[in-house]
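Input: a single structure, listed below in C-alpha cells.
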Amino acid sequence: MKYWLMKSEAAVYSIVDLKRDKKTVWDGVRNYEARNFLRAMYPGDEAFFYHSNAEPSGVAGVMRVSCAAFADPSQFKRRDIHFEPKAMPEAPIWSAVEVSFISAFPKVVALEELRKATALKNMALFRRSRLSVQPVTPAEWRTILRLAGRAA
DNA sequence: GCCAACGTTGGC
DNA sequence: GCCAACGTTGGC
C-alpha cells in the first residue's frame, strides 16, 4: 500500500465536503507529473487531503483511494473548465481516481507545523512547489498522523 | 492582491 | 531545440 498527498482549494472542495459526500471523483488534475502519480495509485492506498489557499493551509484529513485511475470525464465536457479539445474517448489524456472519506483531523495540521518538523524537511510538498498530487513516504505519513494527534 | 516558482506554448 | 511570453498554483 502506498501513501499520497492530494491538494484541493478549501473553498472549492474541502474535507467537510468529502465527509458529506462519502466519496468523490478526484478530477481536474492538469499536470503530467501529478497525473502519473494518479495512475500509480491502487485501491486501498491512503492519501492526505491537503487544503490549499486556506486559513490555515495544511493537512485536513485522510482518505482512501477507492478506485484505480480512469479517464477523467471532465476532459470530454465541452463546457467544463477542464475541457481538453485534444482528448479523444479512445485516447484520453487526463486521469482521475475515486477517493473515499476516512477521517477529518480535529485540527488541520498547518503548513507552518509541517515546516517545523525536521522529519518532513524532504517532503515533496517542500521540494516540488505546485505539485497537486504527490507521494508521501511511510515515515512522513506517521509523522503527520502524530502531529494530527492520531496514533500512527 | 502580490508575486515567486515553474510548466506550457509557440515563434524562430 | 531554444527561449521568451504567458498562465497557473498557492503562500502570504
Side-chain angles (χ1 to χ4, degrees), chain A residues 2-21 23-41 45-65 69-99 101-137 139-150:
Chain A
K2 296 202 189 86
Y3 297 111
W4 308 95
L5 179 146
M6 302 164 83
K7 299 178 183 175
S8 175
E9 289 192 46
V12 175
Y13 196 84
S14 77
I15 190 77
V16 174
D17 298 308
L18 181 61
K19 184 175 186 178
R20 176 199 62 216
D21 296 343
K23 61 182 184 178
T24 195
V25 172
W26 202 275
D27 63 1
V29 171
R30 292 295 179 271
N31 168 286
Y32 286 105
E33 193 177 4
R35 179 204 68 180
N36 292 342
F37 285 132
L38 289 176
R39 290 181 176 179
M41 291 180 181
D45 286 359
E46 292 185 5
F48 286 131
F49 193 130
Y50 181 91
H51 284 175
S52 61
N53 283 318
E55 200 50 62
S57 291
V59 178
V62 180
M63 53 197 174
R64 176 175 288 109
V65 176
F70 50 92
D72 179 344
S74 68
Q75 69 194 306
F76 305 123
K77 296 177 183 161
R78 193 164 295 277
R79 281 177 303 280
D80 196 290
I81 191 172
H82 295 298
F83 177 61
E84 170 56 71
K86 292 197 285 275
M88 297 295 140
E90 65 279 12
I93 296 173
W94 302 111
S95 299
V97 295
E98 184 191 83
V99 292
F101 177 82
I102 292 182
S103 69
F105 295 150
K107 186 159 164 290
V108 169
V109 180
L111 182 58
E112 190 189 358
E113 252 183 291
L114 298 172
R115 272 215 190 88
K116 282 192 295 194
T118 51
L120 301 177
K121 67 176 195 302
N122 290 323
M123 270 191 87
L125 186 65
F126 302 122
R127 302 169 72 90
R128 308 297 316 278
S129 85
R130 309 191 306 156
L131 185 61
S132 67
V133 179
Q134 52 184 256
V136 173
T137 68
E140 291 162 352
W141 184 267
R142 288 191 298 271
T143 298
I144 291 172
L145 285 183
R146 197 173 331 114
L147 291 174
R150 298 292 169 98

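Proteins come first, then strands; the chains are lettered A, B, ... in the order of their sequence lines, and each starts at number 1. Remember, predicted model here, so these are calculated numbers, not experimental data.
- In this structure, A/L131 atom CG and C/dT8 atom P are separated by 18 Å, rounded to whole Å.
- Contacts between residues 106-114 of chain A and DNA chain C, counted as heavy-atom distances below 4.0 Å, involve A/L111.
- Side-chain atoms of A/K7 lie closest to C/dG10 of the nucleotides C/dG11, C/dG10, B/dG7.
- Rounded to an integer number of Å, the gap from CG of A/N31 to P of C/dG7 is 18 Å.
- Other residues, nucleotides and ligands contribute at most 12 non-hydrogen atoms within 6.0 Å of the CZ atom of A/R127.
- Ring planes of A/F49 and A/W26: perpendicular class, angle over 60° (limits at 30 and 60°).
- Between the OH atom of A/Y32 and the P atom of C/dT9 there is a distance of 15 Å, rounded to whole Å.
- Sequence order on DNA chain B of the closest nucleotides to A/S129 and A/R30 puts A/S129 first from the 5' end.
- The separation between A/Q134 atom CD and B/dC6 atom P is 13 Å, rounded to whole Å.
- Comparing A/H51 and A/R130, the nucleotide of DNA chain C nearest to each residue sits closer to the 5' end for A/R130.
- Summarising the geometry, the separation between CZ on A/F126 and C1' on B/dA5 is reported as 16 Å, rounded to the nearest angstrom.
- A/R128 has its CZ atom 20 Å from the P atom of B/dA4, to the nearest Å.
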Would A/N31 and A/R130 satisfy side chain to side chain contact (heavy atoms under 4.5 Å, CB included), going step by step from the backbone distance to the final call?
CA-CA 10 Å; A/N31 168 286; A/R130 309 191 306 156; over 6 Å; no
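- Summarising the geometry of A/G61 relative to A/F105, their closest heavy-atom pair is N-CD1, 3.8 Å, with the distance given to 0.1 Å.
- In this structure, A/M123 places its CE atom 12 Å from P of C/dG11, rounding to the nearest Å.
- In plain terms, the two heavy atoms of A/T24 and A/Y13 that are nearest each other are CB-OH, 3.5 Å.
- Smallest separation of non-hydrogen atoms from A/F83 and A/Q75: CD1-O, 3.3 Å.
- Atom CD1 of A/I93 is separated from atom C1' of B/dT8 by 13 Å (rounded to the nearest Å).
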Is there a side chain to side chain contact (heavy atoms under 4.5 Å, CB included) between A/L111 and A/L125? Walk through the geometry before answering.
CA-CA 10 Å; A/L111 182 58; A/L125 186 65; 4.0 Å; yes
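- The 5' end of DNA chain B is approached more closely, in terms of each residue's nearest nucleotide, by A/N53 than by the other of A/N53 and A/R127.
- Applying the 4.0 Å criterion to OP1 and OP2 of C/dT9, one finds that A/Y50 has every side-chain N and O outside that range.
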